[in-house]
Amino acid sequence: MSRAVLSIGSNVGDSVAHLQSVLDALGSSVVAVSPVYSTEPWGGVEQQDFLNAVLVVDDPALNAAGWLRRGQQIEAAADRVRTQRWGPRTLDVDVIVCDGVRSDDPHLTLPHPRAHERAFVLIPWLDADPDAVLPVGGESHRVDELLASLDDGEREGVRRTEFALNRRSR
């Protein structure tokens with residue numbers, strides 16, 4: 001079994017369709033899906049708000065690097081262009097954790113090094129997995145406790161939308 005948590009986001013084009021394309025591409029590997037949230041951009045680049053969600057996925061054929069490759073393939077299918085760090089994008093698929101793997105590889109750092117600071121990851125993750133745990137600094141922390149430690153402004157910038165991602169039968 002290879003279980004991972006993926007954070008997905010979009011703020012260019014039809015963002016709901018871009019997020020749905022991830023769910024469709026991963027199909028039966030998807031174990032849980034959060035609601036869709038509207039979130040203020042992170043990283044200081046002037047741009048419109050993002051739509052974000054979290055998926056819990058499981059596929060025995062994929063390891064952490066496999067989830068990264070799969071996410072990059074889905075981004076490429078959505079015409080993702082990497083021109084500016086933290087800039088606007090059609091689709092972003094980030095591997096947050098995978099099977100407790102720790103990696104300092106510059107191409108895949110696990111657990112995601114800033115996930116514990118990002119309400120747009122933590123809030124939807126709790127919807128998808130209320131018992132979620134994230135390793136930070138060598139210790140495991142409950143995601144609800146990490147979220148509570150963020151300032152009010154960070155949490156308030158993440159607003160649940162009426163949009164929903166749907167599992168479609170194949």
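Values in this document were obtained by computation on a predicted structure and should not be read as measured data.
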Residue pairs fulfilling salt bridge (Lys or Arg N to Asp or Glu O under 4.0 Å) with at least one residue in residues 137-146, sequence neighbours excluded: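 Applying salt bridge (Lys or Arg N to Asp or Glu O under 4.0 Å) to every pair that reaches into residues 137-146, excluding sequence neighbours, yields R142-D144.
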Flag if over 12 foreign heavy atoms under 6.0 Å of CG, D104: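 12 or below, so no.
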Distance-minimising heavy-atom pair for H18 and A78: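 Scanning both residues, the minimum pair turns out to be ND1-CB, 3.7 Å.
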Going by side chain to side chain contact (heavy atoms under 4.5 Å, CB included), name the residues that satisfy it together with [X], two or more places apart in sequence or in a different chain.
| X | value |
| --- | --- |
| I74 | S21, V22, A25, L26, R70, L91 |
| T109 | P113 |
| E117 | W42, R114 |

So, using side-chain hydrogen bond (donor to acceptor under 3.5 Å, both in side chains) as the criterion, who are the partners of [X] when residues are at least two apart?
| X | answer |
| --- | --- |
| D49 | R159 |
| E154 | none |
| N63 | none |
| S34 | none |

Partner residues of R102 under the salt bridge (Lys or Arg N to Asp or Glu O under 4.0 Å) criterion, sequence neighbours left out: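 Partners of R102 under the salt bridge (Lys or Arg N to Asp or Glu O under 4.0 Å) test: none.
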Partners passing salt bridge (Lys or Arg N to Asp or Glu O under 4.0 Å) against D152 (at least two apart in sequence or in another chain):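 For D152 the salt bridge (Lys or Arg N to Asp or Glu O under 4.0 Å) partners, ignoring immediate neighbours, are R155.
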Any donor-acceptor N/O pair, S10 side chain to T90 backbone, under 3.5 Å: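 Yes, the answer is positive, given that a donor and an acceptor are paired below the 3.5 Å cut-off.
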For residues 127-136, tabulate all N or O donor-acceptor pairs below 3.5 Å that involve a side-chain atom, not counting sequence neighbours.
unit_1: D127; atom_1: OD2; unit_2: Y37; atom_2: OH; d: 2.3
unit_1: D129; atom_1: OD1; unit_2: D131; atom_2: N; d: 3.2

